[in-house]
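Each chain gets a letter, A, B and so on, in the order its sequence line appears, and its residues count up from 1. Computed from heavy atoms alone, side chains included, the values below leave out hydrogens, waters and symmetry copies.
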Amino acid sequence: MSLRIHNTLTGKKEDFVPLREGKAGMYVCGVTVYDYCHVGHARAAAVFDTIYRYLQYKGYDVAYVRNFTDIDDKIINRANEENVPWQAVTEKYIRAFHEDMGRLNVAAPTHEPKATETIPEMIALIASLVEQGRAYELDGDVYYAVKTFKDYGRLSGKKIDDLIAGARVEVNERKRDPLDFALWKKSKPGEPFWESPWGRGRPGWHIECSAMSRKFLGDRFDIHGGGKDLVFPHHENEIAQSRGATGHAPVKYWIHNGFVNIDKEKMSKSLGNFFTIRDILGKYHPEALRLFLLSSHYRSPIDFSDRNLDEAEKTLDRYYGFFAEAGKTLEPEKDKFDPVSEDFMQSHALFKKFDEAMDDDFNTAAALAHMGETLRALNALKDEFVLSAKNPVKMAERPYLYIKLEAGMAALRETGNVLGLFFADPADYKTRKQKKKIEELKLDAAEVERLIAARNSARAAKAWDQADKFRDELARMGVVLEDTPGGTIWKIK
RNA sequence: GGCGCCGUCGCCAAGUGGUAAGGCAGAGGUCUGCAAAACCUUCAUCCCCGGUUCAAAUCCGGGCGGCGCCUCCA
C-alpha cells in the first residue's frame with residue numbers, strides 16, 4: 001500500500017516516493033513569535049504533527065524541521081511597544097508556543113531552528129543570488145529580481161504579467177520590478193542588525209526558510225508544508241530563492257493545510273476573529289481541540305464553533321469511557337488468559353482501514369470514522385465479555401473474547417497515537433474534566449456526595465419515590481447519575 | 001479585476017465514473033426499580049439547469065451561493 005499526497009505544485013495526488021529510500025525530509029513553516037498562537041496555528045501544528053507521526057508509523061526515518069521566525073517587523077514593533085529588548089518578546093512567545101504544543105500533544109520536531117541562528121547561511125544564499133545576477137543591492141537592501149526566474153508563479157498558478165498588473169503601488173519605487181522582494185533589509189537606527197556584505201541589516205522573511213531548510217535537509221528534500229496562505233508569495237519566493245541559488249527545485253511535495261474559519265471566515269489576526277489556543281484550552285480539553293482539528297480533511301476549511309468543539313469532546317468521552325471500562329473489566333482477569341501475541345494484535349482489521357484512509361492524502365476524517373466503528377464493536381464485545389462470565393454456555397468463548405478485546409484496544413491506542421490522541425490516562429481524563437466542570441458550575445462536591453448517599457439509602461429501602469427526588473435535585477444542579485455494578489458514579493451534564 | 005477553492009441528511013463530515021462511510025441530534029428497542037452509559041434498528045440521491053456516458057455527488061458547460069490568495073498571516 002502506498003502513500004499518496006496531494007501536491008500543491010501539480011494540483012494532483014501523487015505517490016509518495018522519497019528522495020532517499022526509507023527516509024523523509026520535511027520542513028514546515030513555523031510561527032513568528034510576537035504573540036500567542038491562535039487556533040489556526042494549532043491546526044497547522046496538529047496537521048503536520050500527524051503527518052510526521054504517520055510517516056514514522058509507516059517506517060520512514062523522518063527529519064522534521066519546524067522553524068521560528070524570531071526577527072521581523074512585528075517583533076520589533078512589539079518590543080518597542082512594551083519597551084523591552086526584542087529577545088524578551090521572542091523568548092516569551094517561544095516558551096508559550098512550546099507550552100501550547102505540549103498541551104496539544106504535538107511532538108517535538110527533530111530540528112527547531114531560529115532564524116537568528118541561521119544568519120550566515122542566509123547571507124551565503126543571498127550572496128550566491130547576487131553573484132548570479134538574480135539579486136541586486138540597493139543602498140543596503142538586497143532584492144530578488146523576480147524576472148530572472150522563469151518559473152516564478154508556478155506553485156501558486158499565477159502569471160507574472162497578471163501579478164505585475166495587479167501589484168500595489170510600492171513604497172520603494174527604486175526596485176526594478178514591483179514584484180521584487182527583499183532578501184536583506186538595511187537596519188534603521190536602533191533596530192537589531194547583523195553585519196553583512198551589504199552593511200548592517202536583517203534578513204527578509206522568505207530567505208529564512210530557504211536557508212533553514214537547506215541547512216538541515218539539504219538542497220533537495222521531500223516535503224514542505226504550511227498553511228494555504230503561505231503559497232503565495234512566501235513559498236513561491238522560497239522556490240525562486242532556493243532554485244535560483246542551488247539550481248535544484250528544493251521540494252518534491254508541497255503540502256498546504258486549509259484554514260480554520262469562524263462563521264465561514266478565515267480566522268486571522270488582522271480580522272481580529274481569532275481565539276488563542278490558551279483561550280480555548282481554558283474551556284475545552286486540549287485533546288478535544290486536537291480531535292476537532294483532525295475531524296476534517298486537512299485541506300478543507302474547518303468551521304470553528306462551540307458546537308463542533310462540544311461534539312469533539314463528546315466523542316473523546318466515548319473513547320475514554322471505553323478505555324476506562326475495558327481496563328476495569330480486563331485487568332482483574334488478565335491472569336486467566338494467555339497473553340495476546342503481537343501477530344494477532346497487528347492483524348486487527350482496523351489497521352488496514354486506517355492505513356488506507358491515511359495513505360489517501362492523510363484522510364484523518366475517514367480514519368477517525370473507522371476508529372469510531374471499531375469503538376462501537378469493542379463496546380459490544382466488552383458487554384459480551386462481561387455477560388459471558390455469568391453464562392456457563394458462553395464460558396468457552398471467553399478466551400477468544402478476551403484476546404479480541406485486548407487486540408482491539410491496542411489497535412485503537414496505536415492508531416490513536418498516530419493521530420496524537422488518547423495520550424491521557426483514562427481515569428485522569430475523567431477526573432480532570434470533572435474537576436473543571438465542578439469549578440465552572442461552582443458545585444459543592446461534598447453536597448453532591450451527600451445527596452447520592454441519601455439516594456442510595458432510599459434505594460436500598462426500595463423507596464423509589466424518595467430516591468427519584470434526590471435524583472431530580474441533583475439533576476437540577478446539573479449532575480447526572482450512573483448506577484454501575486461498582487457503585488453510583490456521577491458526572492456533569 | 002486576475003487566479004483558485006468550495007456547496008453531500010437538522011448539524012458535523014467521508015466519498016473524483018458503478019449506484020451515498022462515520023459521528024451528533026431525532027425516532028423505536030434491549031438493559032435498568034426509574035434513569036444514565038452501552039448496544040441494536042431506523043433516518044439523505046448529493047445547490048440549480050443543460051451535456052458526455054450503459055452508468056455522475058463524482059467529468060464538461062452555464063447559473064446561483066459562499067470563501068480564499070493576489071499585502072503581514074498557519
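Using Watson-Crick or G-U wobble geometry with both donor-acceptor distances under 3.5 Å, C34(B) finds no partner in any strand shown. Under the Watson-Crick and G-U wobble criteria, each requiring two contacts below 3.5 Å, nucleotide U58(B) is left unpaired. With both pairing distances under 3.5 Å, U19(B) is matched to nothing as a Watson-Crick or G-U wobble pair. U42(B) is paired with G26(B) under the criterion used here, namely a Watson-Crick or G-U wobble arrangement in which both key atom distances are under 3.5 Å. Pair assignment for G1(B) gives C70(B), based on Watson-Crick or G-U wobble hydrogen-bonding distances that are each under 3.5 Å.
Here S296(A) reaches the OP1 or OP2 of A13(B): one of its side-chain N or O atoms lies under 4.0 Å away. Contact between the side-chain N/O atoms of K269(A) and the OP1/OP2 oxygens of A74(B) is not found at any separation under 4.0 Å. The phosphate of A25(B) has OP1 or OP2 within less than 4.0 Å of a side-chain N or O from K314(A).
The pair E99(A)-R278(A) counts as a salt bridge, with a side-chain nitrogen and a carboxylate oxygen less than 4.0 angstrom apart. Ion pairing between E447(A) and R450(A) holds under the 4.0 Å rule for side-chain N and carboxylate O. Comment: D73(A) engages R202(A) in a salt bridge, judged by a side-chain N to carboxylate O separation of less than 4.0 angstrom. Ionic pairing of D141(A) and K185(A) is not present here: no N-O contact between side-chain nitrogen and carboxylate oxygen is shorter than 4.0 angstrom. Comment: D317(A) engages K433(A) in a salt bridge, judged by a side-chain N to carboxylate O separation of less than 4.0 angstrom. The pair D49(A)-R53(A) counts as a salt bridge, with a side-chain nitrogen and a carboxylate oxygen less than 4.0 angstrom apart. At a threshold of 4.0 Å, the pair K283(A)-D306(A) counts as salt-bridged, since one of the basic side-chain nitrogens sits closer than that to a carboxylate oxygen. Ion pairing between D483(A) and R455(A) holds under the 4.0 Å rule for side-chain N and carboxylate O.
With F323(A) as the aromatic partner, R413(A) meets the cation-pi criteria of under 6.0 angstrom to the ring centre and within 45 degrees of the ring axis.
The 5' end of RNA chain B is approached more closely, in terms of each residue's nearest nucleotide, by N379(A) than by the other of N257(A) and N379(A). Positionally, the nearest nucleotide of RNA chain B for H297(A) lies more toward the 5' end than for the other of H297(A) and G227(A).
Using a 4.0 Å heavy-atom criterion, one finds that G40(A) contacts the bases of the nucleic acid, with or without backbone contacts as well. Within 4.0 Å (heavy atoms only), M267(A) reaches at least one base atom of the nucleic acid. Here G30(A) lies in heavy-atom contact (under 4.0 Å) with sugar-phosphate atoms only. Across all strands, L481(A) comes closer than 4.0 Å to base atoms (heavy-atom distances). Nucleic acid contact for V39(A): none, since no nucleic acid atom lies under 4.0 Å from a heavy atom of the residue. Within 4.0 Å (heavy atoms only), F322(A) reaches no atom of the nucleic acid at all.
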Considering only nitrogen or oxygen atoms on both sides, find all protein atoms under 3.5 Å from nucleotides 41-43 of chain B and state each distance.
none

Please write out each protein N/O paired with an N/O of nucleotides 31-34 of chain B under 3.5 Å, distance rounded to 0.1 Å.
| residue | atom | partner | partner atom | Å |
| --- | --- | --- | --- | --- |
| G33(B) | O6 | R455(A) | NH2 | 3.1 |
| G33(B) | O6 | R459(A) | NE | 3.4 |
| G33(B) | N1 | D468(A) | OD1 | 3.1 |
| G33(B) | N2 | D468(A) | OD1 | 3.0 |
| G33(B) | N2 | D468(A) | OD2 | 2.5 |
| C34(B) | O2 | R471(A) | NE | 3.4 |
| C34(B) | N3 | R471(A) | NH2 | 2.7 |
| C34(B) | N4 | D483(A) | OD2 | 2.9 |

Please list each protein N or O that sits under 3.5 Å from an N or O in nucleotides 3-11 of chain B, with the distance.
| residue | atom | partner | partner atom | Å |
| --- | --- | --- | --- | --- |
| C3(B) | O2' | G157(A) | O | 3.1 |

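Rounded to whole Å, the C1' atom of G61(B) lies 26 Å from the corresponding atom of C69(B). One C1' atom belongs to G68(B), the other to A14(B), and the distance between them is 23 Å to the nearest Å. Going from the C1' atom of U45(B) to that of G15(B) covers 13 Å, rounded to whole Å.
E208(A) pairs with exactly one of T69(A), T116(A), D70(A) by the side chain to side chain contact (heavy atoms under 4.5 Å, CB included) rule, that one being T69(A).
Considering only side-chain atoms of K491(A), the nucleotide from G68(B), A37(B), U16(B) that sits closest is A37(B). For D383(A), the listed nucleotide lying nearest its side chain is C39(B); candidates were C39(B), G15(B), A37(B). Of all nucleotides listed (G15(B), A13(B), A74(B)), A13(B) comes nearest to the side chain of A365(A).
If you take NZ of K266(A) and P of U71(B), they are 13 Å apart, rounded to a whole angstrom. For F259(A) and C72(B), the CZ to P distance is 14 Å, given to the nearest whole Å. Between L179(A) atom CG and G2(B) atom P there is a gap of 18 Å when expressed in whole angstrom units.
Residues meeting the side chain to side chain contact (heavy atoms under 4.5 Å, CB included) test with V142(A), sequence neighbours left out: I126(A), V130(A), A135(A), E137(A), L183(A), W184(A), W198(A).
Remark: aromatic rings of H348(A) and F354(A) are distant, center separation not under 6.0 Å.
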* Y36(A) and Y93(A): ring-ring contact (aromatic ring centres under 6.0 Å, His included), yes or no, with the steps? -> CA-CA 6 Å; Y36(A) 293 116; Y93(A) 291 109; 5.1 Å; yes

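Taking a 6.0 Å sphere around CG of D15(A), one finds it holds more than 12 heavy atoms contributed by other residues, nucleotides or ligands.
Applying the ring-ring contact (aromatic ring centres under 6.0 Å, His included) test to pairs two or more places apart or on separate chains, those with a residue in residues 295-320 of chain A are F275(A)-F304(A), F292(A)-F304(A), Y319(A)-F422(A), Y320(A)-Y429(A).
The stretch residues 428-435 of chain A does not touch RNA chain B, since none of its heavy atoms comes less than 4.0 Å from the strand.
Using bins of under 30°, 30° to 60° and over 60° for the plane-to-plane angle, the ring pair F232(A)/Y152(A) lands in the perpendicular bin.
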